[in-house]
Protein chains: 2
Amino acid sequence: MSPIEGNYPKPAVTVDAIVFTIREEQLQVALIKRGIEPFQGSWAIPGGFVRENEALEDAVKRELYEEVGAGGVYLEQLYTFGAPNRDPRGRVITVAYFALVAAENLRELTASTDASEAQWFALPEVPSLAFDHREILDLAVNRLHAKLEYSTIAYALLPPAFSLARLQRVYEIILDRPLDKRNFRKKILSLDLLEPTDQRSGGAHRPATLYVFKANQVTFF
Amino acid sequence: MSPIEGNYPKPAVTVDAIVFTIREEQLQVALIKRGIEPFQGSWAIPGGFVRENEALEDAVKRELYEEVGAGGVYLEQLYTFGAPNRDPRGRVITVAYFALVAAENLRELTASTDASEAQWFALPEVPSLAFDHREILDLAVNRLHAKLEYSTIAYALLPPAFSLARLQRVYEIILDRPLDKRNFRKKILSLDLLEPTDQRSGGAHRPATLYVFKANQVTFF
DNA sequence: ACAAAAGTGTTTAGGTTACACCCATGA
DNA sequence: TCATGGGTGTAACCTAAACACTTTTGT
């Protein structure tokens, strides 16, 4: 196995992930407070360097697990940012992902080696971010909105069995507008992706039918 | 400016571009025959290493100019491929782009330093490709199809002024199915993106009105 | 005058939107 | 029995699809 011919400059490569969840009836994003320079003390997207022989997705999953303790996520590559001066330490190219986690799969946000603190923020409360992370976040929000319309990613924000009302709330929270209940249910059911279970939701009032994703819809994103 | 802390492995970073054009009433893609190992003699997507202080897009444009002599292209980032063993020489992460060039902007394909030959291929004639380039090509074709439906990228394959019939042929060639002439014209004109000029197409028969993109639609992709 | 491409409307079908009331349950 | 969320149908509107003939030009 020959080395790379010539003497090409090698930038550092990181992965970053915008992690979304629905908490407190809001779309929230996980941020970490940087414990080291540059931008020490600033809020930033979780992420880190890619290890040798580590696939990009594996690197993201590792970082997500270490920094926000999130397992069982939907992961999708978002965009690669490589402006020569995006990191003051030198050339760093970052492959950004966006991730969706069901609130049920979250444990408390934990600090890690180079993150002094981790916290969920509703979008309007997101502070100014390190590096070009605001640009990455904006792109992720746009992508989330777009994909919600033509894909089934909303299901990644819910537990395996859920009521149609809860699914509708996910759409309403992300799109930030109310949806008509009858039309929503008609549309979702006409897609023929859901299967009613004989489980019913608990709570104080009339129990709702819980639905699950149909077994033959395994690759649903 | 401090160096990157720790001793992170640094993969090599390349950019590759799937370049599409419409030639001979077909959707064609530019490939180069590799002049060096690995995969010497195989066909591959044009691309190369990113230079220090060079933005990713600038690197793609440089490679495109060097290897396929294509200027004036529409460029869009496609996906970043980073499987640990995708290049036998070692870790190489590639940021793949897809590009659209109007046939009018093409000069003959030229060889460059590490490409012994460059050639256009219609999709059904594409030979087996080096590295994971077939996967990249397939992804680019899918993206092209998808974006054709909801964006205006088709215009990047045409000269500044064009007839509706020619625009329709672009759609038909890429989607590989005939479109209804009246419905197509109605739809395109209803989008209100085009402006008729007083130019008329030449040729043996009834001249067609040529249209241009409206000036206020500068950011049209 | 003929060949070839340009240009033009209407009808039908399907999907999206707007909208209001009864039902089941726990407290 | 009341408060709360679950569950249901229909009419109006709009967009997409199907479909054929006349016009203009060069030869």
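Hydrogens, waters and symmetry mates play no part in the numbers below; they use all other heavy atoms, side chains included. Here is how names work: the chains are called A, B, and so on, in the same order as the sequence lines, proteins then strands, and each is numbered from 1.
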Exercise. Would A:Arg134 and A:Asp138 count as a salt bridge (Lys or Arg N to Asp or Glu O under 4.0 Å) if you check the C-alpha gap in whole Å, the side-chain angles of each, and the deciding distance to 0.1 Å?
Worked result: CA-CA 6 Å; A:Arg134 166 48 75 169; A:Asp138 290 341; 3.0 Å; yes
Exercise. Relative to the 5' end of DNA chain C, which residue comes earlier, B:Thr209 or A:Arg206, by the nucleotide with the nearest heavy atom?
Worked result: B:Thr209
Seminar exercise, completed: Per side-chain contact (heavy atoms from CB on, under 4.5 Å), B:Ile174 is matched among B:Ile153, B:Leu123, B:Leu157 by B:Leu157
Problem set entry | Pairwise side-chain contact, A:Val29 with A:Val19, heavy-atom cut-off 4.5 Å (strictly under) | no
Problem set entry | B:Thr80 side chain to A:Thr80 side chain, donor-acceptor N/O pair below 3.5 angstrom | yes
Problem set entry | Step-by-step ring pair (Phe, Tyr, Trp, His ring centres under 6.0 Å) determination, A:Tyr155 to A:Phe162 | CA-CA 9 Å; A:Tyr155 301 104; A:Phe162 49 86; 5.6 Å; yes
For this session: Could you tell me which non-hydrogen atom of B:Leu210 sits nearest to which non-hydrogen atom of B:Ser163, and how far apart they are?
Result: CD2-N, 3.5 Å
Problem set entry | Under 3.5 Å: donor-acceptor pair, side chain of A:Gln77, backbone of B:Tyr79 | no
Exercise. Heavy atom of residues 194-201 of chain A under 4.0 Å from DNA chain C: which residues?
Worked result: none
Seminar exercise, completed: Rounded to whole Å, the CG-C1' distance (A:Leu189 to D:dG6) equals 13 Å
Exercise. Would you call B:Arg169 and B:Glu25 a salt bridge, taking side-chain N to carboxylate O under 4.0 Å as the test?
Worked result: yes
Exercise. Can you find a side-chain donor-acceptor pair between B:Gln28 and B:Arg23 that sits under 3.5 Å?
Worked result: yes
Exercise. When you measure from every atom of DNA chain D, which of residues 171-186 of chain A have a heavy atom less than 4.0 Å away?
Worked result: A:Lys181, A:Arg182, A:Arg185, A:Lys186
Problem set entry | Strand-adjacent residues in residues 162-169 of chain A, judged by heavy atoms under 4.0 Å from DNA chain D | A:Ala165
Exercise. Looking only at side chains, do B:Glu76 and B:Tyr74 share a donor and an acceptor under 3.5 Å apart?
Worked result: yes
Exercise. Tell me: CD1 of B:Ile188 to P of D:dA17, nearest whole Å?
Worked result: 13 Å
Problem set entry | First of B:Ala208 and A:Gly203 reached from the 5' end of DNA chain C, by closest nucleotide | B:Ala208
